[in-house]
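None of these values were measured; they are calculated from a predicted model. Both ligands and their constituent atoms are indexed starting at 1 by order of listing.
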Amino acid sequence: MAQLGVNIDHVATIRQARQTVEPDPVWAAAEAELGGADCITVHLRVDRRHISDRDVRLLRETVRGKLNMEMSLDEEIVAIALQIGPDQATLVPENRREITTEGGLDVRAAAKRTGKVARKLADAGVTVSAFVDPAAAQIRAARDAGCQAVELHTGRYANACLAATRRHNPGEQAASALAELREALAAGVDAGLTVHAGHGLTYQNVAPVAAMDGFGEFNIGHGIIARAVFVGLRDAVGEMKQLISSKAQAGTIRGG
Ligand code: PXP
């Protein structure tokens, strides 16, 4: 069964809104793990808009399961990752103006730099994953750059689901995005990579993706933290874990 990585950046976003000390993402990680998270994911951005160096340092000491650090190819961030030594690094593109990571990393265009960073991280014992669009060429480029894993960007699928809910379209786009993910999953497995998925996954849309055999990990942030506002983080994580494990379930929790 695929593991659940919980992205806790949003907890830090709330803290930073007041530039204070709470809520603490380190506490959030412990709550998420108590709820069943297999992995804690944080994105240390160059602009430090949410997660800070202090957070990553403390999380390295306190997280009991896997620590996954999302990171750009920026030199300073790579140096910090090498110092901290997360279990896994997920290479992502970063753009100052974006609200969240917008597209996958263009590994084909940045093959040399990606290869260099991947080698350094792998030499330090870090499993290297690249966040890519669900396209075979990007997946092969990630393998050629020395990545052991890819995380498929599920944003197109998630957006199509949202549009279908709002009746902008009857769901054909979601079906075609799912087919694209299925093909990309097969391409990743064929390339000998571990295949993860994430971005925009929610309690409403995760089931068809979780029902695909072969994903190693789902990284989910916004949906879980949004639900945690009402039910608490431990329960929110437990509910998502349950949905993923029951796979074929319809995917809708009342009130979600
Ligand atoms: N995976 C990656 C690589 C991401 O950049 C993000 C967003 O930070 C996520 C997963 C989680 O996305 P969401 O918050 O939409 O669940």
Side-chain angles (χ1 to χ4, degrees), residues 2-14 16 25 28-29 32 37-51 55-56 59 66-74 77 81 86 88-107 114 127-134 138-139 142 147 149-162 177 181 184 188 194-207 209-210 215-229 233 236-237 239-241 243-244 251 256:
Q3 296 197 325
L4 173 60
V6 177
N7 181 314
I8 54 170
D9 293 350
H10 287 308
V11 175
T13 298
I14 298 171
Q16 293 316 109
D38 303 292
C39 168
I40 298 298
T41 296
V42 287
H43 184 174
L44 184 68
R45 295 184 69 105
V46 172
D47 63 13
R48 309 295 202 278
R49 67 168 73 155
H50 40 52
I51 292 293
D55 298 335
V56 187
L59 288 166
K66 180 164 129 185
L67 179 64
N68 174 34
M69 187 171 156
E70 283 181 21
M71 52 181 282
S72 68
L73 302 175
D74 177 84
I77 301 292
Q88 177 174 283
T90 301
L91 305 177
V92 300
E94 212 174 281
N95 159 5
R96 240 166 219 286
R97 292 182 168 201
E98 68 195 356
I99 294 175
T100 179
T101 313
E102 279 165 357
L105 182 67
D106 190 347
V107 185
T114 307
T127 300
V128 185
S129 177
F131 183 53
V132 296
D133 289 334
Q138 291 293 350
I139 292 164
C147 297
V150 282
E151 179 176 329
L152 301 182
H153 193 315
T154 49
R156 186 169 98 82
Y157 165 69
N159 287 340
C161 289
L162 205 56
L181 284 172
T194 304
V195 186
H196 308 316
H199 213 282
L201 294 176
T202 66
Y203 298 86
Q204 287 75 32
N205 68 22
V206 76
V209 183
F215 278 119
E217 175 185 298
F218 298 118
N219 277 301
I220 308 179
H222 185 86
I224 290 177
I225 303 301
R227 191 167 184 84
V229 170
L233 186 51
V237 171
E239 287 175 16
M240 184 57 83
K241 246 326 244 198
L243 263 179
I244 289 171

(message) My understanding is that only residues two or more places apart in sequence, or in another chain, count here; which of them pass ring pair (Phe, Tyr, Trp, His ring centres under 6.0 Å) with His153?
(response) Phe131, His199
(message) Give me the residue, atom name and distance of the protein heavy atom closest to atom 7 (C) of ligand 1.
(response) Thr100 OG1, 3.7 Å
(message) With heavy-atom distances below 4.0 Å as the criterion, list the atoms of ligand 1 near Ile220.
(response) 16 (O)
(message) Give the atom numbers and elements of ligand 1 that come within less than 4.0 Å of a heavy atom of His222.
(response) 13 (P), 14 (O), 16 (O)
(request) Starting at CD of Glu70, measure out to CD1 of Ile51 and round the result to the nearest 0.5 Å. (result) 10.0 Å
(message) Tell me the nearest of Ser129, Gly104, Gly221 to atom 16 (O) of ligand 1, using heavy-atom distances.
(response) Gly221
(request) Give the residue, atom name and distance (to 0.1 Å) of the protein heavy atom nearest atom 15 (O) of ligand 1. (result) Gly200 N, 2.8 Å
(message) side-chain hydrogen bond (donor to acceptor under 3.5 Å, both in side chains) for Thr41 and Asn68? Distances and angles first, verdict last.
(response) CA-CA 5 Å; Thr41 296; Asn68 174 34; 3.1 Å; yes
(message) Among all the protein's non-hydrogen atoms, which is closest to atom 1 (N) of ligand 1, and how far away is it?
(response) Glu151 OE2, 2.5 Å
(request) Looking only at protein heavy atoms, identify the closest one to atom 12 (O) of ligand 1 and say how far it is in Å. (result) His199 CA, 3.5 Å
(request) Among all protein heavy atoms, pick the one closest to atom 8 (O) of ligand 1 and tell me residue, atom and distance. (result) Asn7 ND2, 3.3 Å
(request) Mind checking the CG-CD1 spacing from Leu233 to Ile8? Nearest 0.5 Å is all I need. (result) 8.5 Å
(request) May I have the step-by-step check of side chain to side chain contact (heavy atoms under 4.5 Å, CB included) for Leu152 and Ile139, ending in yes or no? (result) CA-CA 9 Å; Leu152 301 182; Ile139 292 164; 3.9 Å; yes
(request) Using a 4.0 Å heavy-atom threshold (strictly under), name the region of Glu70 that reaches ligand 1: side chain, backbone, both or neither. (result) side chain
(request) Before accepting this row, confirm whether a basic side-chain N of the pair Arg49/Asp9 lies closer than 4.0 Å to the acidic partner's carboxylate O. (result) no
(request) Would you mind running through ligand 1 and noting each atom that sits below 4.0 Å from a heavy atom of Val92? (result) 3 (C)
(message) Quick check for you: to the nearest 0.5 Å, what is the distance between Glu151 atom CD and Leu91 atom CG?
(response) 11.0 Å
(request) Answer with yes or no after comparing the ring centroid distance for His222 and His10 against a 6.0 Å cut-off, counting only values under it. (result) yes
(request) Classify the contact between His153 and ligand 1 as side chain, backbone, both or neither, using a heavy-atom distance cut-off of under 4.0 Å. (result) neither
(message) Any nitrogen or oxygen of Asn219 lying under 3.5 Å from a nitrogen or oxygen in ligand 1? Just yes or no.
(response) no
